[in-house]
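Reviewing the structure listed below.
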Amino acid sequence: MCGIFGYVGERVELGSAVLRALKTLEYRGYDSWGVAIGVNGHIGVEKRTGKIAGSTVSFPPSDIGFGHTRWATHGGVTQPNAHPHLDCTGQLAIIHNGIVENFRPLRDELLARGHRFASETDSEVVAHLLEERVAEHDGDLLAALGATFPRLEGLNAIIAFDLRRRELVAAKSVSPLVVGVGSTGTSIASDALALRGHADRVVYLEDHHLVRLRAGGVTLYDRRSMAEIPPDFLPLDVAAGDPDLGAYPHFMAKEMAEQPDVLDRLVSDGEPAIRAFAGAIADSYGTFLVGCGTASYAALSGAYLFSRIAARHLNFVAGSEFKYHEHFLNPESLVVALSQSGETVDVIEAMMAARRHGARLGAIVNVRNSTLDRMVDLRVHLNAGPEQCVLSTKAYTAKVAALLLAAHALKGDYGTGADLVRAAARGMREMLAGDWASRVQEVAETIHRAEHLFVIGRGLAYPTALEAALKIKEVSYIHAEGFAGGELKHGVIALVAPGTPCVVYAPNDETRGDILSGAMELRSRGGYIIGVGPENDPVFDVHLPTPDVGDAAPLVNALPAQMLGYQAALLRGNDPDKPRNLAKSVTVK
Ligand code: AGP
């Protein structure tokens, strides 16, 4: 997944403006970046590997240009492989998000016709294909893109830059693009966040659209008929909350600290949508909760919460596995996607499969007007504010809280759920305010050099253990794995050696006795036991206390793992906001 931004309009300091816009999109990929600006009759290009950080570019003022931040798929992280990519004439440039799955035969065809490639990427074939089509369409790049785009297999978003006609043209399939209009010109990006300061109204492109951006405005076409379509503009609505770092050292620290307010806001503002969501579950014959990564663990938590609170069985499926389960779906099914970004391609594809079976579609999503938000029949907006750290923290706890509230709404006692979530918010404020963070710091200093770390939990704490392990591994690079506490003796415990850190979730619920037995099994093999829960126990080498908040335990139990991962990452010299190899929104398969 990559970040893309383009502008056509009044002459401005466009190089730095594009770089600023790309910086807001770096969460989508930060292996390398590039900027292309129209200057003095040619396309000036600046491309570098690494993050944007304090980089600058020097171009004269310009009225047309675009840029790209890359998460490498085909072709290593090198300067030539960074976007933009130019055609052989140097008069045409493209930037691309997605994977051209049939790029090898296309590249072979183009090489055979004499085209010269400067990169190893799949994306560059688009520039050379357009070069050929433009010649066939009297220099009309939009028509050339209309003819070229259907040849590209996969989920792609393409922006092409035509210096001669001073226009940008674009098309997409599933991979998001949003076009903006403002007082100085028109702009386009993979996320509305990048249009702040450039647009006051936007239109989200659909898969059948082609779009032409000129200084004078936006023209939308149906890619199949080339008929013009009146754009359906919306006000630019980027998530509430401050997208800037403020006094925090990292976005991860800021977003962890925002969790109590996010939970309180969800309880007070989310009730109508959550009640409607619970009603849809009541009306459905079979509900599926679908998500990827952290969102999948929120979904699995939901399956446990609905079982124990509302005696209702919800099916959990990981987004990337959903297509192997879709055979059960029917028009009475309800498929609910959980996603912070609303752009995770595995989730989008799951929802497209659900739609094909006539199922009702729901979402618990943070980014408004995201692809997921716009494709479902009903949704709960998390309103967690922009989540800029690649690791999902506040959106995770907000998803779990929404599911807990929905389970209580289904049971007919929303107020009980609201009280639990508010209690969890209060508890997290206390954890964040006191000397609790320094206790976590001490644990991090003890374990940060470990190669392996295990996390166990039972019942409602099992999905929490999975999420805890993901948080720790993706930011510290320690090989952390989460297990169901009862699975230890079925092979897992072979992994435990003297000194292996083992996080044990021991809430005050029906699992406590058995999970403490598991802790003893780990301890007897030399494991270093980190107990997380309301009460200490002699089997723990160290205890991280959490407030006793009943079924809201997954909310407060998320914080120790988030904080432990964060502190261990800092001790290991990692960037907690942009860990290696990752990106915030996985829009490629
Ligand atoms: C979260 O810490 C991870 N970076 C990742 O697992 C993420 O949760 C997953 O890619 C799903 O993202 P989404 O919520 O935007 O769909």
Side-chain angles (χ1 to χ4, degrees), residues 1 3 25-30 71 174-176 190-191 193 239 250-252 255-256 259 262 289-302 316-322 335-351 362-373 375-376 379-382 384-400 402-403 455 463-464 466-477 480 482 558-559 561-566 569 574-589:
M1 42 286 151
L25 298 171
E26 256 195 323
Y27 70 87
R28 301 174 64 88
Y30 35 88
W71 185 77
V174 180
S175 189
S190 38
D191 183 330
L193 207 54
H250 301 100
F251 281 110
M252 185 167 183
E255 290 154 15
M256 284 192 285
Q259 292 181 105
V262 169
L289 297 177
V290 179
C292 292
T294 286
S296 75
Y297 304 138
L300 182 57
S301 300
F316 157 73
V317 185
S320 55
E321 289 295 307
F322 185 83
V335 180
V336 179
L338 282 78
S339 176
Q340 188 289 129
S341 64
E343 301 298 350
T344 300
V345 69
D346 288 326
V347 169
I348 302 299
E349 287 205 324
M351 299 306 269
I364 299 178
V365 61
N366 194 34
V367 178
R368 289 171 180 271
N369 296 317
S370 57
T371 301
L372 176 65
D373 187 31
M375 73 187 291
V376 297
R379 76 271 303 146
V380 174
H381 287 137
L382 298 173
E387 195 174 64
Q388 307 253 42
C389 174
V390 165
L391 279 77
S392 188
T393 49
K394 60 180 180 176
Y396 168 73
T397 44
K399 290 183 196 117
V400 176
L403 290 163
V455 189
T464 300
L466 296 175
E467 164 58 11
L470 177 60
K471 278 288 98 40
I472 292 168
K473 81 175 84 171
E474 63 177 337
V475 74
S476 72
Y477 314 155
L559 194 55
Q562 294 167 359
M563 192 67 84
L564 189 56
Y566 175 69
N574 300 349
D575 175 349
D577 288 335
K578 297 189 179 71
R580 69 184 181 198
N581 306 339
L582 295 183
K584 181 67 179 173
S585 177
V586 184
T587 58
V588 291
K589 283 187 279 187

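Both ligands and their constituent atoms are indexed starting at 1 by order of listing. As a basis for the values below, the full set of heavy atoms in this structure was taken, side chains included, without hydrogen atoms, waters or symmetry mates.
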Just to check, does [X] reach to within less than 4.0 Å of ligand 1 when the distance is taken from its heavy atoms?
| X | value |
| --- | --- |
| Lys399 | yes |
| Glu343 | no |
| Leu391 | yes |

Which residue supplies the protein heavy atom nearest to [atom], what is that atom called, and how far is it?
| atom | answer |
| --- | --- |
| atom 14 (O) of ligand 1 | Gln340 N, 2.8 Å |
| atom 10 (O) of ligand 1 | Val586 CG2, 3.8 Å |
| atom 2 (O) of ligand 1 | Glu474 OE2, 2.5 Å |
| atom 15 (O) of ligand 1 | Ser341 OG, 2.7 Å |

For [X], take its heavy atoms, then give the atoms of ligand 1 lying under 4.0 Å from any of them.
| X | value |
| --- | --- |
| Val390 | 4 (N) |
| Gly293 | 6 (O) |
| Thr344 | 11 (C), 12 (O), 13 (P), 15 (O), 16 (O) |
| Cys292 | 8 (O), 9 (C), 11 (C) |

Proximity to ligand 1 by part of Gln562, non-hydrogen separation under 4.0 Å
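No part of Gln562 is near ligand 1 at this cut-off.
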
Any N or O on Leu338 sitting closer than 3.5 Å to an N or O of ligand 1?
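It does not: no N or O of Leu338 is found under 3.5 Å from an N or O of ligand 1.
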
Can you tell me if [X] uses its side chain to pair, donor with acceptor, with the backbone of [Y] under 3.5 Å?
| X | Y | result |
| --- | --- | --- |
| Tyr297 | Leu470 | no |
| Lys394 | Pro386 | yes |
| Glu349 | Asp346 | no |
| Glu387 | Thr393 | yes |
| Tyr30 | Pro579 | yes |
| Glu255 | Gln388 | yes |
| Asp577 | His250 | no |

Kindly determine whether Val365 and His381 satisfy side chain to side chain contact (heavy atoms under 4.5 Å, CB included), including the steps that lead there.
CA-CA 5 Å; Val365 61; His381 287 137; 3.9 Å; yes

Test side chain to side chain contact (heavy atoms under 4.5 Å, CB included) on Gln340 and Leu382; report intermediate values, then the result.
CA-CA 8 Å; Gln340 188 289 129; Leu382 298 173; 5.7 Å; no

Among Leu372, Val367, Thr294, which residue places a heavy atom closest to atom 5 (C) of ligand 1?
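Looking at heavy atoms only, the winner is Thr294.
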
